[in-house]
**Student:** 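Below are the structure tokens for one structure; questions will follow.
Values in this document were obtained by computation on a predicted structure and should not be read as measured data.
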Amino acid sequence: MASNGSTRRKTYDAPGTFKPRTSSHATQPPEHSPMDSMASLRLPQVSAKGVSTLNGSSASHRKHSSPMMPSFMVSAPGKVIVYGEHAVVHGKAAIAASISLRSYLLVSFLSKSHRTVTLRFPDVQLEHTWNLDELPWEAFSTPGKKKYYYDLVTSLDPSLLTAIQPHIDAVSPKVPEPMRKIHHRSALAFLYLFLSLSSQKSPPCIYTLRSTIPIGAGLGSSATIAVCLSAALLLQIRALSGPHQDQPPKECELQIERINRWAFVGEMCIHGNPSGVDNTVSSGGKAVLFQRKDYEKPSTVIPLPNFPELPLLLVNTRQSRSTATEVAKVATLKSAHPALLENILDAIGLVTESAYKLLTTPDFDPTSPISLKHLGDLITINHGLLVSLGVSHPKLERIRELIDHTGIGWTKLTGAGGGGCAITILKPQPTAMHSNGSDNGNGTGAGNNHRADSSSEDEDSSEEHDCSASIISTGTKLKHKILDNLEAKLENEGFEKFETTLAGDGVGVLWPAVLHNGNEEEGGEEIDQEKFLRAKGNEGIERLVGVASARKRKVEREVREGWKFWRPWERQP
């Protein structure tokens, strides 16, 4: 199951076939890039007066206000740390995985008469327009400063930052300082990438961002923005081929790495000295093992394509927290009790190592209940060790108490702690419930209630033995009742619950921004600026872009074609 909610197909129309590059000059992109296909499509266009026309129509009086090409969309997933937080700061390994909560970037082209570029991020009330001809192109094109799409950028150029600064200062001048700081960092990431990868001849565009990821909750929301911007700009200069069915895994990995490199530049603009794990997971999807023993040297990042794609509960405490504060708390404790803390950090490292060994075993079976229990037990152990470091929070413990009481899965905090979010990997079978929604404390449930619920369990007995057939995916009334009851309790206590998917797809592309709804003859639904801005909340955004919730995917089997992803882990037929 694809993380965007659409059913994976064995075949789909490819925009073209990749051919090896013979020149490394930035103006010579891969042949048959998605933008080539976009430019040739005869799709409905909307004029400034809202009148629908066709590319190449004879209505010459409308050409002045016709967009240069159809809109397209890019999306990228958030991430959670599954094992190893805090220990990773002290040189141990950690495992991070993508989640199906995503950010979406709609790129809308304007007519040539416009000489502007606009960044819209309504979720944080950011909108600003720059005049293309007034941007500091000369600074970015100076010999020695000019960067190409294949370059590896490991630091921001101070002179380029200075050149950009006046254009950042003009953003949101009357907004309160905390929000203004967010606006300026977002604008800096956009302009640095835009000026590095585009040119003064770039078409006028509007870049509109919407996200279903809670901001500031340790889920990598800023990295998803950087990945979306990176992928969109690289597509516009035709520096990417695919994604398409016939793309070899190695070429697929190269495309992802290219997106990831520039996303890291965007992350540097936002965070200064990012670890690189967030943008890596958001670009490639699935999961990675991440380790940084020496901050003077590059970190080690090992993809884990065998990490099973699992339904996941994610609960946001809505408790603000500071990563720096929680990291400093552990450092202080380590200074006071060095031997003891080193043992705890070593134990967390061993948790990650145990998961890594299982996932990389040659005969690893991601559908095995035994494998899932192994991963789940490590979740429980990891949380206990993090509690001993003092980085949990009463709200996190309350969430774990409510979820553990149902017996539906293994729960831990994720990220820095002190608030933020908790994650739960769901068990293949729920603990049988009392009528009041609680078990009898030993994980077996009362005998009478167990028999009363057995009929609904038997409906999906064949699925229950598959670890992927979890609480969300089986569709039984009992499991939905457990989740609904749990959601009500969590909401009553001020928490926010998401039913999401762990270790799914990375960056994806929808070009043009049209959802076919499985019916090519009737065309499809175009995603325009108005619809995108009008979409309300996560449900509205996901419905518009063709994503069903984790529960609805199984029940309704909704299929909305169009989205394509780079999937190097998929074997070619």
**Student:** Does Tyr192 have its ring centroid less than 6.0 Å away from the ring centroid of Phe140?
**Tutor:** yes
**Student:** Using the test side-chain contact (heavy atoms from CB on, under 4.5 Å), find all partners of Ser141 that sit at least two apart in sequence or belong to another chain.
**Tutor:**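 If we apply the side-chain contact (heavy atoms from CB on, under 4.5 Å) test to Ser141, skipping adjacent residues, there are no hits.
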**Student:** If we ignore hydrogens and angles and just use 3.5 Å, is the side chain of Arg210 paired with the main-chain N or O of Ile541 as donor and acceptor?
**Tutor:** no
**Student:** Which residue pairs satisfy the side-chain hydrogen bond (donor to acceptor under 3.5 Å, both in side chains) criterion with at least one member in residues 193-205, sequence neighbours excluded?
**Tutor:**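 Matches after skipping sequence neighbours: Asp133-Gln200.
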**Student:** Please give me the minimum heavy-atom distance between Leu304 and Val288, naming the atom from each residue.
**Tutor:**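 Scanning both residues completely, I find the closest heavy atoms to be CD1-C, 3.9 Å.
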**Student:** Do any N or O atoms from the side chain of Gln255 and from the backbone of Trp566 form a donor-acceptor pair under 3.5 angstrom?
**Tutor:** no
**Student:** Counting distance only, does the side-chain N/O of His128 pair as donor-acceptor with the main-chain N or O of Arg120 below 3.5 Å?
**Tutor:** no
**Student:** Give a yes-or-no answer on whether the side chains of Ser100 and Thr500 include a donor-acceptor pair shorter than 3.5 Å.
**Tutor:** yes
**Student:** Any side-chain to backbone donor/acceptor pair from Asp151 onto Val153? Under 3.5 Å, distance only.
**Tutor:**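 Side chain of Asp151 to backbone of Val153, a donor-acceptor pair under 3.5 Å: no, none is there.
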**Student:** Donor-acceptor pair, distance only, cut-off 3.5 Å: does the side chain of Lys531 make one with the backbone of Glu526?
**Tutor:**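 Side chain of Lys531 to backbone of Glu526: a pair is present.
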**Student:** List in chain and number order the residues that pass ring pair (Phe, Tyr, Trp, His ring centres under 6.0 Å) with His183, two or more places apart in sequence or in another chain; answer none if no residue qualifies.
**Tutor:** none
**Student:** To the nearest 0.5 Å, how far apart are CD1 in Ile182 and CD1 in Ile215?
**Tutor:** 6.5 Å
**Student:** Apply salt bridge (Lys or Arg N to Asp or Glu O under 4.0 Å) to Asp169 and list each qualifying residue two or more places apart in sequence or on a separate chain.
**Tutor:** none
**Student:** Keeping Thr501 on the side-chain end and Leu310 on the backbone end, is there a donor-acceptor pair under 3.5 Å?
**Tutor:** no
**Student:** Which heavy-atom pair separates Gln236 from Val107 by the least distance, and what is that distance?
**Tutor:** OE1-CG1, 3.9 Å
**Student:** Mind running side chain to side chain contact (heavy atoms under 4.5 Å, CB included) on Leu110 and Thr116 for me, showing each step along the way?
**Tutor:** CA-CA 9 Å; Leu110 303 173; Thr116 59; 3.9 Å; yes
**Student:** Trp137: which residues meet the ring pair (Phe, Tyr, Trp, His ring centres under 6.0 Å) condition with it, sequence neighbours left out?
**Tutor:** Phe194
**Student:** Supply the atom-to-atom distance Leu483 CG to Leu426 CG, rounded to the nearest 0.5 angstrom.
**Tutor:**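 The CG atom of Leu483 sits 7.0 Å away from the CG atom of Leu426.
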**Student:** Start with the C-alpha gap between Arg261 and Glu257, add the side-chain angles, then the distance that decides, and say whether salt bridge (charged side-chain N to carboxylate O under 4.0 Å, His left out) holds.
**Tutor:** CA-CA 6 Å; Arg261 283 184 176 188; Glu257 176 58 23; 3.5 Å; yes
**Student:** Just by distance, do the side chain of Asp123 and the backbone of Ser211 share a donor-acceptor pair under 3.5 Å?
**Tutor:**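 Yes, Asp123 side chain to Ser211 backbone: donor-acceptor pair under 3.5 Å.
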**Student:** Within this structure, what is the NE2-OG1 distance for the pair His114 and Thr129, rounded to the nearest 0.5 Å?
**Tutor:**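 The OG1 atom of Thr129 is 9.5 Å from NE2 of His114, to the nearest 0.5 Å.
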**Student:** Determine whether the side chains of Ser159 and Lys145 contain a donor N or O and an acceptor N or O closer than 3.5 Å.
**Tutor:** yes
**Student:** Centroid separation under 6.0 Å, is that true for the rings of Phe190 and Trp130?
**Tutor:** yes
**Student:** Closest approach of Asp278 and Gly220, non-hydrogen atoms and distance?
**Tutor:** OD2-CA, 3.5 Å
**Student:** Okay, side chain of Thr414, backbone of Ile81: is any donor-acceptor separation there less than 3.5 Å?
**Tutor:** yes
**Student:** Could I get the full list of side-chain contact (heavy atoms from CB on, under 4.5 Å) partners for Pro274, not counting sequence neighbours?
**Tutor:** Phe264, Glu267, Met268, His271
**Student:** Determine the minimum heavy-atom distance between Trp563 and Ser75, stating which atoms define it.
**Tutor:** CZ3-OG, 3.5 Å
**Student:** Between Ala503 and Phe307, which heavy-atom pair has the shortest distance, and what is it?
**Tutor:** CB-CD2, 3.6 Å
**Student:** Using a 3.5 Å distance criterion without hydrogens, assess whether the side chain of Lys564 forms a donor-acceptor pair with backbone atoms of Trp511.
**Tutor:**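 Not confirmed, Lys564 side chain does not pair with Trp511 backbone.
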**Student:** For a quick test of reading the model, state the closest non-hydrogen atom pair linking Leu105 to Cys228 and the distance between them.
**Tutor:** CD2-O, 3.5 Å
**Student:** Does Ser230 reach the main-chain N or O of Ile259 with its side chain, forming a donor-acceptor pair under 3.5 Å?
**Tutor:**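 Judged by distance alone, yes, a pair lies under 3.5 Å.
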**Student:** Between Gln247 and Arg567, is there a side-chain donor-acceptor contact under 3.5 Å, judged purely by atom types and distance?
**Tutor:**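 Checked: Arg567/Gln247 side chains show no N/O donor-acceptor pair below 3.5 Å.
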